[in-house]
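The figures here come from the full heavy-atom set of this structure, side chains too, leaving out hydrogens, waters and symmetry mates.
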Amino acid sequence: MPHQPAPRAIAASNLQPRRAAVAAFIGTTIEWYDFYIYGLAAALVFGKVFFSKTLDPGVATLLSFVTLWAGFAARPIGGIIFGHLGDKIGRKTTLIITLILMGVATMGIGLLPGYAQIGMWAPVGLVVLRVVQGVAVGGEWGGAVLIASESAPKRKSILYSAFAQQGSPTGNLLATLVFFALSALPTPQFMLWGWRVPFLLSALLVVVGMIIRLKLEESDDMKRVLAQKKTVKLPLKDVVRDHWGLVLLGAGTLPLIHVTYLKSNFALAWATKELGYAQDTFLGIIAIALVVQFITQPLGAWLVSRMDMRRAICLMVLPEFLLMPVMFFAIETKVYWIALLGMCLATVPHSMFYGAIGGILARVFPTRIRYTGLSLAYQLCSLVVGGGTPVFAQWMLNGTGNIVGVAVSSALYALVSLACTLILLNRTGYRADELSTAERADAMDLGQGDADASPTHTGPMGKSRTTGRRAMSIFDENEHREAFWETVRQAIEAREQADEARRAGRLTGLAIGLSVAALAVALMAWRRRSPDDEA
């Protein structure tokens, strides 16, 4: 009689996906909190605290954004280092290291003396600690996505990877709320010590994250690689040699997610320093937009799991061509509710895209080099686009004196992401309920049961597994049975796709209607500005 797993073992295995998802969410929340508080402080404080007071305020803000970019420049290094470790020793251990590293660097920034105390060593120390932050977060994102997606139930990897993605808006919201609360302090007190509090609070969050991650198990896919001793000696070499095209395409899918730095960093500095918004007022607008992001972001993962991923991506990205430029003109009206509406509407498309893209990219690379490939793609885009976004926007604003160039260029992010994502899906697979090219390779290499003989699988590998263990006398019967179920599956899929197309049409119409309404409101308010506002 075959051995039956104990009930406790079954219950534990059923809980593992949920634990991995929750651990990924909490861990990324802490890491992104640490990363985002730097961006907020760079927009509000660092230009005055860590640079000479003789500098023009616009130049000081630009330099503080350059230190922000230093963290992005270090992220590919973190992706390479921790990608290597994650593909060699496992996801869990690597994620513990990144959490500790991020916590130490963030506390260091909170304790760093300013320019008035140590002169030029202040910005130097700031850049060094920011680089350490960048190295840590460069290894965090890929591991968190993989620990969730690789532990997920079959065919639900994209949905579970969305838990890791939820850490970004949650960490950003937490950082914004902390700064919002501290903005009630008198300005001298805030500039003297108030801004340091969010950085020092990181110590408590890191302790919580450590407790959760130490209890986490390794992902199922990585367990197979380690058990069969099929780790790669140098994952980066294999990625660059065999998958460099996929890395570049993966990086090309991601510019759209970095428009968040236009909202939370550049727009904050622009609105408070040039348009006259109160600091707490605009932080409130950002906080509400982050709540919208938290709510709508998982819908992107749900949408790509329910329909052809190419169609889902188009539905998510196309509205951003209009909504992101509209956001800047809405903010420029200086009318609170118009600015809030513009930012919330612009948040929805790229939030849904961000919720889906982590799981999509996790399907692109084989397990043995997946951490390295995923991290390298993400961090290359962060280096070129993420950190450079507020620097480029501030430089353009300083040079032109108006927001038009920034507004128009923001739509280009959506164009690049849309084109690269569609090309990538055509190469690797565009149905979430089917194995991707890399997952099929894993099934053959590691002997996974994910490519087994379910009635929905029609590949030669699936047929050989269903029929190879049966007597040849019933071969024809099995063939007819599989053909019947395949016909049924195709009929069901055709009906589901028709329903999805109708729902997609309604969603698209709603998105276009909201976009047009937002544009009309923003333009009307902009035209009605008084001469005093123009001045």
Side-chain angles (χ1 to χ4, degrees), residues 20 22-42 45-46 50 67-68 70-79 81-83 85-86 89-113 125-148 163-179 181-182 193-216 371 375 378-379 382 387:
V22 172
F25 166 65
I26 294 177
T28 52
T29 295
I30 296 168
E31 293 262 3
W32 284 118
Y33 166 82
D34 289 351
F35 206 71
Y36 281 125
I37 56 176
Y38 189 102
L40 292 171
V45 176
F46 286 170
F50 291 105
T67 69
L68 178 73
F72 287 93
R75 282 167 68 165
I77 299 173
I81 294 172
F82 292 111
L85 292 175
I89 64 176
R91 308 347 184 176
K92 173 184 174 178
T93 303
T94 305
L95 288 173
I96 292 173
I97 297 172
T98 61
L99 187 61
I100 295 173
L101 195 62
M102 175 63 88
V104 170
T106 304
M107 286 187 61
I109 294 172
L111 297 172
L112 184 65
L126 186 65
V127 170
V128 170
L129 290 171
R130 179 59 176 176
V131 167
V132 176
Q133 273 195 328
V135 170
V137 83
E140 165 70 22
W141 181 81
V145 168
L146 294 183
I147 202 76
F163 280 88
Q165 303 293 71
Q166 285 297 93
S168 177
T170 308
N172 199 347
L173 178 61
L174 183 60
T176 303
L177 290 176
V178 172
F179 268 95
L182 290 169
W193 60 266
W195 69 268
R196 298 180 184 272
V197 173
F199 291 87
L200 299 178
L201 283 176
S202 173
L204 297 176
L205 298 178
V206 168
V207 171
V208 174
M210 283 293 297
I211 293 173
I212 293 171
R213 285 195 169 172
L214 286 171
K215 295 180 180 180
L216 186 64
Y371 202 139
S375 297
Y378 185 87
Q379 307 310 340
S382 296

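Separation of the Y33 and Y38 ring centroids does not fall under the 6.0 Å cut-off. You'll find the ring centres of F179 and W195 outside the 6.0 Å limit.
Q166 and W32 are not linked by any side-chain donor-acceptor pair at a separation below 3.5 angstrom, with hydrogens and angles left out of the test. In summary, the side chains of T176 and Y36 do not present any donor paired with an acceptor at a separation below 3.5 Å, with no hydrogens or angles considered.
We find the CG-CD1 distance between L99 and I30 to be 5.5 Å, quoted to the nearest 0.5 Å. A distance of 11.5 Å separates CD1 of I100 from CG of L95, quoted to the nearest 0.5 Å. Rounding to the nearest 0.5 Å gives a distance of 10.0 Å between OG1 of T170 and CD1 of I26. The CG atom of L146 sits 5.0 Å away from the CZ atom of R91 when rounded to the nearest 0.5 Å. Taking CG from L101 and CD1 from I97, the interatomic distance works out to 9.0 Å, rounded to the nearest 0.5 Å. Here L201 contributes atom CG and I37 contributes atom CD1; the two are 8.0 Å apart, rounded to the nearest 0.5 Å.
Counting heavy atoms from C-beta outward, R75 and W141 have side chains that stay 4.5 Å or more apart. A heavy-atom distance below 4.5 Å is not found between the side chains of S168 and T28. Considering only heavy atoms from C-beta on, F46 comes within 4.5 Å of I109 through its side chain. Using a 4.5 Å cut-off on side-chain heavy atoms (C-beta onward), L200 and L111 make contact.
Looking only at distances, no side-chain donor or acceptor of Q379 sits under 3.5 Å from a matching main-chain atom of G79. Panel note: side chain E140, backbone E31; no donor-acceptor pair is recorded below 3.5 Å.
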Step-by-step side-chain contact (heavy atoms from CB on, under 4.5 Å) determination, V178 to L182: CA-CA 6 Å; V178 172; L182 290 169; 4.0 Å; yes

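Within 6.0 Å of CZ on F163 lie no more than 12 heavy atoms contributed by other residues, nucleotides or ligands.
Taking both residues in full, the closest heavy atoms of I147 and A24 are given as CG2-CB, 3.9 Å, listed atom of the first, atom of the second, then distance.
Under the side chain to side chain contact (heavy atoms under 4.5 Å, CB included) test applied with F82, the options T94, V137, I77 reduce to a single match, T94.
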Please set out all donor-acceptor pairs under 3.5 angstrom arising from side-chain atoms of residues 125-133, sequence neighbours excluded.
from, atom 1, to, atom 2, distance (Å)
R130, NE, L68, O, 3.4
R130, NH1, Q133, OE1, 2.8
Q133, NE2, D34, O, 3.1
Q133, NE2, T106, OG1, 3.0

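Residues passing the side-chain hydrogen bond (donor to acceptor under 3.5 Å, both in side chains) test with R196: none are found, sequence neighbours excluded.
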